[in-house]
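Remarks on the structure that follows.
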Amino acid sequence: MPRRNSTETKIYVLDTNILLHEPHAFLSFKEHDVVIPMTVLEELDYIKDSKKDVARDARVSIRSMEDLLHEATPEEMLVGVSMEGLGAGDTAPTGKLSIFADLNMAEAQQVFTSNENDNRIINVALHIQKAYAPQKVVLVTKDLNMRLKAKGAGLAHVEDYRTDQLITDIKYLSRGFHAFEGNFWDNVKSVDSRTEGRDTIHTVPKSILPEAYINEFLLDDSKEFAGLVEEISDDHLEVLDLGYERLMSRHAWGITPKNIGQGMALHALLDPHIDMCILTGPAGSGKTLLALAAALEMVVERNMYDKIIVTRSTPEIAESIGFLPGTEEEKMLPWLAAITDSLEVLHKHDENTKGSMNYIMEKANIQYKSVNFMRGRSIQNAIVILDESQNLTASQLKTIITRCGEGTKLIVGGNLAQIDSNYLSAVTSGLTYLVEKFKDFSGSATINLDGVVRSRLASFAEENL
């Protein structure tokens, strides 16, 4: 068991969903001790052999713990094995990892006597809290109902896993642009402008926007100025002068922006120097339609890429896709209806809409893929559209992004108000993590589309329901 009655260190009891969310989570608690109940190992064992998408994460977590504990005796595993040397820097763990054999707990020690896994894990935390008082014992779980049950049963400290949570509130999430009040030039005391080809670049003091980041759009109320931060030094920003009207006149595959947000998104989508575009915003703001229009423009009209790969993940895909009839593309169609709907919109004025769609799908080499089958691949010279990414964790998104090889552009879209996962919230979603981690990367751009343009009905519903 952990170090007894230490007032300087805490004891963290981890739930199974923490290790599925981040397989190496037990290494994230610095000098504090970590306890893994035997029930958690049982759940990981059950999941690792399943067909669920998290099976890989379960195997990675088990393997990581085995690497640490494989030479420990049964007694040492119960007492705790030091995690020193397993990390680097200030966050390297120095506490102990131990396994709690909760299957052998006497009934007198159990608050919950029913044999449900959640109850057994809560019993472990309550038992350690009693045995190690006044040391702080914390149950870490992403299951909101389990947190409520644990508090109701008398556990003083219950937390969500926040190590990969980069913001405390979704209102602080980077929007990809900054809007100045009044006229932009009223905020600028000195400027040095130069021309490179057809582009004008302004060097302005960094003091006008100290928190600026690469590829952040700059707007003002005049509806004349629009710029893009191209370079940041200690004292200055280099801003590419785009012009409001120029952004609003961008077009792709017959689609033109309906608002400035869509104009900025189209500019980023069509920029060959940007390898990843992240589009966030409410339902009906045009994320999927813009992504598909830009992809078709770059593949069919400009021949910049060879194909379009469309993928998304839903909780049901991993369990259900194998039982559906047909090819992988046909199995994916029910979940990728948003893409076929958008294709239909793009060609609704054609004489034969269905014929046009089939021709374009073949001409643009549009492929529907499941996220589950993306692992191990190396995707070259393609546009990858990842839809509904708000339901993915940071580690799942990393798996997809690392598949993208030379000449591939990734378009990530998602609505943080529509998270279906049981264990993710707007601040812990992998999409939020991605936005914050990549905002200083010169090959990435984020745009928050905040206007609903689908219909006045959709707009009213988004605001009032």
### Message
Could you check whether Tyr161 and Ser28, counting side-chain N and O atoms only, form a donor-acceptor pair closer than 3.5 Å?
### Response
yes
### Task
Check whether the side chains of Thr256 and His251 place a donor and an acceptor atom closer than 3.5 Å, and report yes or no.
no
#### Entry: Side-chain touch Val191/Trp185, heavy atoms, less than 4.5 angstrom
yes
### Message
Are Phe184 and Phe225, when compared by the centres of their aromatic rings, separated by less than 6.0 Å?
### Response
yes
### Task
Compute whether any side-chain donor of one residue and acceptor of the other, for Asp241 and His202, lie under 3.5 angstrom apart.
yes
### Query
Side chains of Thr446 and Lys439: does their closest heavy-atom pair fall under 4.5 Å?
no
### Query
Would you say the side chain of Ile383 lies within less than 4.5 Å of the side chain of Ile411, judging by non-hydrogen atoms?
yes
### Task
Check whether the side chains of Asp15 and Asn17 place a donor and an acceptor atom closer than 3.5 Å, and report yes or no.
yes
### Task
Indicate yes or no: at least one non-hydrogen side-chain atom of Cys277 is less than 4.5 angstrom from one of Lys409.
yes
### Query
Under 3.5 Å, is there a donor-acceptor pair between the Asp143 and Thr141 side chains?
no
#### Entry: Side-chain heavy-atom pair Val412, Leu279 within 4.5 angstrom cut-off
no
### Query
Is the shortest heavy-atom distance from the side chain of Leu228 to the side chain of Asn215 under 4.5 Å?
yes
### Student check: side-chain heavy atoms of Ile274 and Phe441 closer than 4.5 Å
no
### Closest heavy-atom pair and its distance - Ala265, Leu449
CB-CD2, 4.0 Å
### Message
Assess whether a salt bridge exists between Lys287 and Glu388, defined as any Lys/Arg side-chain N lying under 4.0 Å from an Asp/Glu carboxylate O.
### Response
no
### Query
Do Lys30 and Thr94 touch side chain to side chain, with heavy atoms closer than 4.5 Å?
no
### Task
Verify whether one side chain among Glu43 and Asn117 offers a donor that lies under 3.5 Å from an acceptor in the other.
yes
